[in-house]
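Please read the structure below before turning to the comments.
Side-chain atoms are counted along with the backbone in the values below, which use heavy atoms only and exclude waters and symmetry mates.
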Amino acid sequence: ISYRELAKSLAAENRLDEAMALIPKIVTPDTQALTIRGIGMAAATLNLTPDQYSALFKSLAQEADKISQPASKDIAYTYIAMSQSFAKQDTAALATARSMTNPALKHKAFGEIAEVQAERKDAAAAMATLMEIDSPAYKNKSTRTITLLLADRGLFDEAAMAAHQITNPTLKAEALQYILTKQTPK
């Protein structure tokens with residue numbers, strides 16, 4: 001845990017090589033994955049160049065490949081995709097998610113990318129990312145989340161369009177009601 005926290009601190013200071021050097025010192029697969037997440041998320045706030053982000057995320061993927069436990073490895077890739085999206089490297093984030101083999105974590109990665117896109121008010125990108133999810137149940141759940149995020153940001157037309165993509169009647173009704181409630185004066 002100490003190495004993880006130190007790696008996050010170093011990454012926040014743009015001391016990425018030093019942060020990356022700590023990952024092999026961590027023996028717990030889940031903590032390795034969380035360290036990859038911490039480095040990626042800290043780096044996403046640094047406004048690096050596209051080439052610098054590309055090199056960093058390639059290095060993080062190489063470290064993820066070394067994780068011995070398959071579930072932790074896939075979780076690390078989910079975290080890399082999230083970090084890429086936070087860094088506005090959406091094409092790379094989608095490629096990372098597409099490369100994943102665990103279907104549930106792959107859906108989660110696409111959902112997380114879409115959430116980041118919705119949070120930054122990019123409704124079109126969020127909806128396109130949701131189309132990558134091939135599980136109807138997970139797509140419905142993620143689309144409901146995106147609808148709420150868009151409504152929270154005042155993008156009511158986009159939120160309504162998203163809500164109408166939900167095929168689960170209960171989730172659709174909840175999403176539409178949320179949009180209406182957000183627009184109702186206090």
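- Looking at heavy atoms from C-beta onward, Leu48 lies in side-chain contact with Asn14 at the 4.5 angstrom threshold.
- The distance from the CZ atom of Arg4 to the CD1 atom of Ile26 is 8.0 Å, given to the nearest 0.5 Å.
- The two residues Gly40 and Phe57 make their nearest non-hydrogen contact at CA-CE2, 4.3 Å.
- Proximity of Lys141 to Arg144: side-chain heavy atoms (C-beta onward) are nowhere separated by under 4.5 Å.
- Placement of Met82 and Ile113 in two distinct hydrophobic clusters is found when ILVMFWY residues are connected by side-chain heavy-atom separations under 4.5 Å, directly or transitively.
- To the nearest 0.5 Å, the span separating OG1 on Thr31 from CD on Glu5 amounts to 10.0 Å.
- Screening Lys106, Arg98, Lys108 for a salt bridge (Lys or Arg N to Asp or Glu O under 4.0 Å) with Glu132, the sole residue that qualifies is Arg98.
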>> Pair Thr78, Glu112 - check side-chain hydrogen bond (donor to acceptor under 3.5 Å, both in side chains), show working.
In response: CA-CA 8 Å; Thr78 301; Glu112 296 282 354; over 6 Å; no
>> Under the criterion side chain to side chain contact (heavy atoms under 4.5 Å, CB included), I'd like the reasoning laid out for His164 against Lys172: C-alpha separation, chi angles, the key distance, then a yes or no.
In response: CA-CA 7 Å; His164 287 292; Lys172 183 182 237 176; 4.1 Å; yes
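- A donor-acceptor pair under 3.5 Å links the side-chain atoms of Tyr77 to the main chain of Ala61, judged by distance alone.
- Each of Leu16, Asp65, Ile80 was evaluated against Leu60; a single residue qualifies, Ile80, per the side-chain contact (heavy atoms from CB on, under 4.5 Å) test.
- Across all their heavy atoms, Ile75 and Ala33 have their closest contact at CG2-CB, 4.4 Å.
- No side-chain heavy atom of Lys88 sits under 4.5 Å from any side-chain heavy atom of Val116.
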>> Evaluate Leu6 against Glu18 for side chain to side chain contact (heavy atoms under 4.5 Å, CB included), listing each step before the verdict.
In response: CA-CA 10 Å; Leu6 179 57; Glu18 292 173 74; over 6 Å; no
> Taking it one step at a time, do Thr35 and Gln32 satisfy side chain to side chain contact (heavy atoms under 4.5 Å, CB included)?
Replying inline: CA-CA 5 Å; Thr35 305; Gln32 290 171 326; 5.6 Å; no
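- Atom CG of residue Leu34 and atom NZ of residue Lys8 lie 8.0 Å apart, to the nearest 0.5 angstrom.
- Separating the CG atom in Leu105 from the OH atom in Tyr79 is a distance of 9.5 Å, to the nearest 0.5 Å.
- Counting all heavy atoms, side chain and backbone alike, Ile166 lies closest to Ala175 at CD1-CB, 3.9 Å.
- Few gaps surround NZ on Lys73; more than 12 heavy atoms of other groups in view lie less than 6.0 Å from it.
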>> As a quick check of understanding, evaluate side chain to side chain contact (heavy atoms under 4.5 Å, CB included) for Arg120 and Ser85, giving each step before the final call.
In response: CA-CA 10 Å; Arg120 63 177 194 243; Ser85 189; 3.9 Å; yes
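- Both Leu155 and Met127 are part of a single hydrophobic cluster, where members link through side-chain heavy atoms under 4.5 Å apart.
- Hydrophobic clustering (side-chain heavy atoms under 4.5 Å, transitive across Ile, Leu, Val, Met, Phe, Trp, Tyr) keeps Leu94 apart from Met100.
- Among Thr167, Asn168, Thr170, the single residue meeting the side-chain hydrogen bond (donor to acceptor under 3.5 Å, both in side chains) criterion with Asn140 is Thr167.
- Note that the CG atom of Leu150 and the CD atom of Gln117 stand 10.5 Å from one another [nearest 0.5 Å].
- Atom CG of Leu56 is separated from atom CD of Gln84 by 9.0 Å, given to the nearest 0.5 angstrom.
- For the pair Ser99 (side chain) and Thr96 (backbone), a donor-acceptor distance under 3.5 Å is present.
- Residues Ile36 and Leu46 share a hydrophobic cluster, clusters being chains of Ile/Leu/Val/Met/Phe/Trp/Tyr side chains in contact below 4.5 Å.
- Under the 4.5 Å side-chain contact rule for hydrophobic residues, Leu148 and Phe110 do not share a cluster.
- Considering every non-hydrogen atom in both Ala162 and Thr147, the closest pair reads CB-OG1, 3.4 Å.
- Here the shortest heavy-atom pairing between Gly111 and Ile133 reads N-CD1, 4.0 Å.
- The nearest pair of heavy atoms linking Ala43 to Tyr53 is O-OH, 2.9 Å.
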